[in-house]
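Every chain is numbered from 1, with letters handed out A, B, ... down the list of sequences.
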4 protein chains.
Amino acid sequence: MGIQERKERERERRRQGIMLAAKRVFTAKGYENSTMEDIAKEAELSPGTLYLYFKNKDALYASLSLRVLQYMTVRLEHALEDGSKSYADLKAALLEAMYDIYDFDAVILNNMFHLQSSETLKELSDDILEEINALSRKALRMITAVFSTGMGEGVIHKYHPTAVADIFWSMFTGAVLWEETKKMINPERYTLRETLDTSFDILYRGLDIRSAP
Amino acid sequence: MGIQERKERERERRRQGIMLAAKRVFTAKGYENSTMEDIAKEAELSPGTLYLYFKNKDALYASLSLRVLQYMTVRLEHALEDGSKSYADLKAALLEAMYDIYDFDAVILNNMFHLQSSETLKELSDDILEEINALSRKALRMITAVFSTGMGEGVIHKYHPTAVADIFWSMFTGAVLWEETKKMINPERYTLRETLDTSFDILYRGLDIRSAP
Amino acid sequence: MGIQERKERERERRRQGIMLAAKRVFTAKGYENSTMEDIAKEAELSPGTLYLYFKNKDALYASLSLRVLQYMTVRLEHALEDGSKSYADLKAALLEAMYDIYDFDAVILNNMFHLQSSETLKELSDDILEEINALSRKALRMITAVFSTGMGEGVIHKYHPTAVADIFWSMFTGAVLWEETKKMINPERYTLRETLDTSFDILYRGLDIRSAP
Amino acid sequence: MGIQERKERERERRRQGIMLAAKRVFTAKGYENSTMEDIAKEAELSPGTLYLYFKNKDALYASLSLRVLQYMTVRLEHALEDGSKSYADLKAALLEAMYDIYDFDAVILNNMFHLQSSETLKELSDDILEEINALSRKALRMITAVFSTGMGEGVIHKYHPTAVADIFWSMFTGAVLWEETKKMINPERYTLRETLDTSFDILYRGLDIRSAP
DNA sequence: AATGAATGAGAATTCATTCAT
DNA sequence: CATGAATGAATTCTCATTCAT
């Protein structure tokens, strides 16, 4: 029985190894320009082996998205779990969580919408698809809760909380994306932290009940 | 020379025709899934002809990005040109301009970072690349000026004006992107205008000097 | 308009060229062991070109089957068309036709049932499939008519005419197949004509009303 | 040595198990569409194990052909062994034997000529090849003997007895094959027995000395 | 200038076979 | 003996690009 477990663990290890290799390659070249052979080489495996762990290239990509989403929900859960936290604490915790999530896998996060192509979606197993959707919804629900709390406390303006969560999320991905773009043109400076800080500073301020009418 | 000119005009006309066809195809299928033959068919030309007007597929795509950027700078110029406008007027004009830009070509706008892939960039002629960069900088400079004006008037907080412009831009693209994503999952509701309105409402409020410290 | 026609003719010419090359390769190696590259090489074309004329490998194969069937029906039509022929004449003409058909393309005829694999069938366009079926039925109907005539004249036993046609056809393909097998083992002797002569001699005799009860 | 024997027996047992699994898979999917893994799964073994019993996929297939041929020769031997039987008895016994053989393994019987591909033959060990040939010849010799007897008795026409045996065999395989084809197009009706009955009825009648000249 | 047939360099994927455990 | 993970060659098919007409 120990054997069974060890095998299982090794299998998972290898799966992770492939995913990390894939992440590096996708990050460097983008999805379409990355070949399965590139990824195999990066993982120091043969191309055929990849298919023992992932049904096809899209499934491999989807699993990376899943990985970010899983990390994100866990991280958010951890940050926001204490139901008794005040909005002031929650909004700070939320920010910290977003930084971590960005560090975890910025690129996949951005390109997650590769999955949107309906061609791609069709090929994915329903399980994966369902899980991706479930995790997305869950993450968004948690972000929404933060702003609901703030509204409940009467410390922020009464927008539709889901809309605010959307905006929060848009701002985050927009900033990450834009940072990548700027990095391409001008690789040396790396200022996402500052940009995000300022972004959310303005956002939080704009929401604040004490802000102008 | 009248003949020369007419020829030139006709050439430009055809170029535009190809670009519009390409835009339609890219919009419908995405960059990688669009073939040169698709575009040729849409333009009612033969594949070979496309190469008389564009060096290759990437150049065609880049020219579309250029087109959006050109529209964007022209539109912003027009909106913001009057140096004597107040921040209050400018910020309203800026918003109007962004809506127009979105309407002009949302999809290319979103996918502009397709060009980021360094593989792609390598193949582009320096001219095009330089022009893209120049236009981007110009557009950003104009947006920056709006917020500089606000700071000069003392009606908004003194962040770094370029950072605020970045954030403005991030928020815009983030919202557009996120809207596309939601559309995929839940195609019926289409609320970008409202989301953008709320986004910029909060942003402007957050910048407002009367907002909380 | 002459140009249009010439193009059409050349296209058809090339199509035929590919089909003949494919026939040679399939004959030498069998369907599964023949690669599209083999066929391209044999046709002195590049692999990509094959796909301009045939949707995929199966379609190419199917078109070869179609070709035999077309030849077969035309040849049978020609042999049996004169409605006033006696059974004696018809049965001789039928034999001659079968020899010609064998000469035209023995191997494809045998492997035609490659198409039976339901996997294969699914991928074929309905048009081709329908045509294959239609031609098969037509050929069999003509063969049936020969034996019906014989029964009408009262010169052969009253079996079910369709069954007799089936048997005639089975005997033919069985003989061709068996001949191929023997050729593999013992390549020098080539006796299909004689075997077929004897086969049909016995068959015709067995049908003859004057044969034993 | 009892151990030795038991081991030998067990080994043979497992070999048979693999062959039966392979037969089921080949029958369901055809040779090319069956993977070694399919067969391993059906045999409840791992792919590697198959190679402990069969040199490669072709050898496994060949061993199945051998199995049919072995059954065929044994069955024919049993049916025809009594040297004193009359042609009338022999021809009836032959028919019965053929039905049994068909029941034993119709599909492999039909596809036996898969082995003909010279590519395939090259890979087979000489032993197997020789045995296949020897069994084929033996079976054919026995069939030939039946018709020789008939000619000796003066009850059937004096064709070349080997040729008649060939025809008998061709008719059998042709009918089986054609039946399969018809089954594909029109799966419900299944009439091989009747077709074979009629076929051989006509054949025997055609051979009969009392038939027309 | 325009055409569009032809090219051929890949890309994803499969699967018979091997070999360390 | 048995396993089954890993291999990597081979195959089908696509599509950006070229070039003779």
Side-chain angles (χ1 to χ4, degrees), chain A residues 3 6-7 10-11 14 18 32-41 43-60 123, chain B residues 7 10-11 14 32-41 43-61 123, chain C residues 3 6-7 10-11 14 18 32-41 43-60 123, chain D residues 7 10-11 14 32-41 43-61 123:
Chain A
I3 286 176
R6 181 170 51 77
K7 286 245 169 140
E10 270 169 20
R11 189 180 162 78
R14 168 109 340 153
I18 293 170
E32 297 287 353
N33 294 318
S34 304
T35 71
M36 290 301 264
E37 203 174 333
D38 290 338
I39 297 170
K41 223 165 253 165
E44 295 178 15
L45 290 169
S46 80
T49 305
L50 303 189
Y51 289 87
L52 297 177
Y53 293 87
F54 298 94
K55 198 185 135 225
N56 55 35
K57 196 182 166 187
D58 274 335
L60 174 50
E123 297 302 321
Chain B
K7 287 234 171 156
E10 270 171 18
R11 188 179 162 78
R14 176 136 304 180
E32 295 290 346
N33 295 320
S34 303
T35 72
M36 290 299 266
E37 205 179 327
D38 289 338
I39 297 169
K41 219 165 260 166
E44 295 177 17
L45 290 169
S46 81
T49 305
L50 303 189
Y51 288 85
L52 298 175
Y53 294 88
F54 299 93
K55 197 183 137 222
N56 55 35
K57 194 182 169 188
D58 275 334
L60 174 50
Y61 192 89
E123 299 300 322
Chain C
I3 286 177
R6 182 171 50 78
K7 286 243 169 143
E10 269 170 21
R11 187 179 163 77
R14 169 116 329 164
I18 293 171
E32 298 286 353
N33 295 318
S34 304
T35 72
M36 290 301 266
E37 202 177 333
D38 290 337
I39 297 169
K41 223 164 254 165
E44 295 177 16
L45 290 169
S46 80
T49 305
L50 303 190
Y51 289 86
L52 297 177
Y53 293 87
F54 299 94
K55 198 184 135 226
N56 55 34
K57 197 183 165 187
D58 274 335
L60 174 50
E123 298 302 321
Chain D
K7 287 235 170 155
E10 272 171 17
R11 188 179 161 77
R14 175 139 301 182
E32 295 289 348
N33 295 321
S34 303
T35 71
M36 289 301 266
E37 204 179 329
D38 290 338
I39 297 169
K41 219 164 258 166
E44 295 177 17
L45 291 169
S46 82
T49 305
L50 303 189
Y51 287 84
L52 298 175
Y53 293 88
F54 298 93
K55 197 184 138 218
N56 56 35
K57 195 183 170 188
D58 275 334
L60 174 51
Y61 192 89
E123 298 301 320

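Protein atom CD of E44(A) is 15 Å distant from nucleotide atom C1' of dT7(F), rounded to whole Å. Atoms OH (Y61(D)) and C1' (dA16(E)) sit 17 Å apart, rounded to a whole Å. We find that CG of N56(C) is positioned 20 Å from P of dA12(E), with the value rounded to whole Å. One can place CD1 of I39(A) at 11 Å from P of dT13(E), the figure rounded to the nearest angstrom. Spacing between atom CG of D38(B) and atom P of dT14(F) amounts to 13 Å, rounded to whole angstrom units. For the pair K7(C) NZ and dA5(E) C1', the interatomic distance rounds to 8 Å; values are reported in whole Å. Rounded to an integer number of Å, the gap from K55(A) NZ to dA12(E) P is 15 Å. In this structure, L60(B) atom CG and dA16(F) atom C1' are separated by 12 Å, rounded to whole Å.
Comparing Y53(D) and L45(A), the nucleotide of DNA chain F nearest to each residue sits closer to the 5' end for Y53(D). For the pair L50(A) and L52(D), nearest-nucleotide mapping onto DNA chain F gives the more 5' position to L52(D).
Residue contacts shown for F54(B) are absent, as no nucleic acid heavy atom lies under 4.0 Å away.
For N56(A) against M36(A), the heavy-atom pair with the smallest separation is C-CE, 4.3 Å.
Residue R14(B) places at least one side-chain N or O under 4.0 Å from the OP1 or OP2 atom of dA2(E). Within the 4.0 Å cut-off from OP1 or OP2 of dC19(E), not a single side-chain nitrogen or oxygen of Y51(D) is found.
Classification of R14(B) and E10(B) as a salt-bridged pair fails, no side-chain N sitting under 4.0 Å from a carboxylate O. Between K41(B) and E37(B), at least one side-chain nitrogen of the basic residue sits less than 4.0 Å from a carboxylate oxygen of the acidic one, meeting the salt-bridge criterion.
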Using atom names, set out every protein N or O paired with an N or O of nucleotides 8-11 of chain E below 3.5 Å, distance rounded to 0.1 Å.
from, atom 1, to, atom 2, distance (Å)
dG8(E), N7, S46(C), OG, 3.3

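With sequence neighbours excluded, no residue forms a salt bridge (charged side-chain N to carboxylate O under 4.0 Å, His left out) with E44(C).
For DNA chain E, if you chain together Watson-Crick or G-U pairs that step i with j, i+1 with j-1 and so on, the runs of at least three with distances under 3.5 Å are E:2-21 with F:2-21.
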